[in-house]
Amino acid sequence: MKTVTTLEALRAETDQLRASGRLALVPTMGALHEGHLTLVRKACSEARHVVVSIFVNPKQFGPNEDLDAYPRQLARDRELLEAEGASLLWAPTPDEVYPAGYATTISVEGVSAGLCGANRPGHFDGVATVVCKLFNQVRPDMAFFGEKDWQQLAVIRRMARDLDLQFPHADAIRGVPIVREGDGLAMSSRNAYLSVEQRRQAAALPAAMRRAIAALAKGAESATALEQLSSDILKAGFDSIDYVELRDAETLAPIHGPLDGSRLFVAARIGGTRLIDNMPLV
Ligand code: PAF
């Protein structure tokens, strides 16, 4: 697996790879875990060549967020990707992605509003902007994203449709189901921030979500089930809740009536760490 850090080298390598088969892109910010590797494996099973990008995108971090602290472990990530059979690692510097004079931002309305968009102003503008650039840089036939960031996936799909980004197939932007630890916690690079005690407490989040979903399936009122869920999360040791919401899985519109097609979304903070999760209703 080669590593390239300049656009010029990326273009040369991807032109060559594309000539001999389908090219998949797995965009990441590194600090790879089993969730990312699942994306890479899925991509390897569907495309001849897999390009993985590792870029901690400054534009998607707010002023008080963890840009500087975000885990960076390129050598280890490289070994993991090599073992999975990825073809190319695209690891640009911030200056390569946003050179002096860079001035363009992509803003996707609607699906970006609410949920993480409300708590992290500008976050999805940063995501949409960098993902659009990654699509243009790599020009993949398909791209793979984790469903843990369900809203992010919705934003990227909306952007690709709205900007007529060209892919050979309609379902080129693929979502891959959340990969969970043995105790149910959704895998995330940010789990590395948790102390041993916080890590133990964090498992209560998906467990409480499952209980809420079971209560809803038995006919509980949405407001009652969500209140109970919030109370369970705080009792388990979380410090605060950013949101606990039911939204339409496709449009992300808030749910006011019947729950068909809706999904449960949660973001909560433990210590300085913000964890998100989402699950379908049963
Ligand atoms: O999900 C992520 O890791 C990032 O938001 C992404 C899609 C790589 C864009 O920086």
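On a predicted model such as this, the values are computed, not experimentally measured, just so you know. Every number for a ligand or one of its atoms is a count from 1 in the order of the listing. All heavy atoms count here, side chains included; hydrogens, waters and symmetry mates do not.
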inquiry  = Looking only at side-chain N and O atoms, does Ser20 offer a donor or acceptor that is under 3.5 Å from a partner on Arg48?
reply    = no
Please identify which atoms of ligand 1 are closer than 4.0 Å to at least one heavy atom of [X].
X: Gln60; value: 4 (C), 5 (O), 9 (C), 10 (O)
X: Thr28; value: 8 (C)
X: Pro27; value: 8 (C)
X: Val130; value: 9 (C), 10 (O)

query = How does Leu134 reach ligand 1, by side chain, by backbone, by both or by neither, if only non-hydrogen atoms under 4.0 Å count?
reply = neither
key: Within-cut-off N or O pair, Asn57 and ligand 1, under 3.5 Å   = no
ask   = Does Gln152 reach ligand 1 with a nitrogen or oxygen that is under 3.5 Å from one of the ligand's nitrogen or oxygen atoms?
value = yes
ask   = Do the ring planes of His33 and His36 sit parallel (below 30°), tilted (30 to 60°) or perpendicular (above 60°)?
value = tilted
ask   = Parallel under 30°, tilted from 30 to 60°, perpendicular over 60°: which one fits the rings of Phe55 and Tyr98?
value = tilted
message = Counting only heavy atoms from other residues, nucleotides and ligands, does the tally under 6.0 Å from CD of Glu46 exceed 12?
response = yes
ask   = Are Arg180 and Asp277 close enough for a salt bridge, meaning some N to O gap below 4.0 Å?
value = yes
ask   = Can you tell me how far CG of Leu89 sits from OG1 of Thr5, rounded to the nearest 0.5 angstrom?
value = 9.5 Å
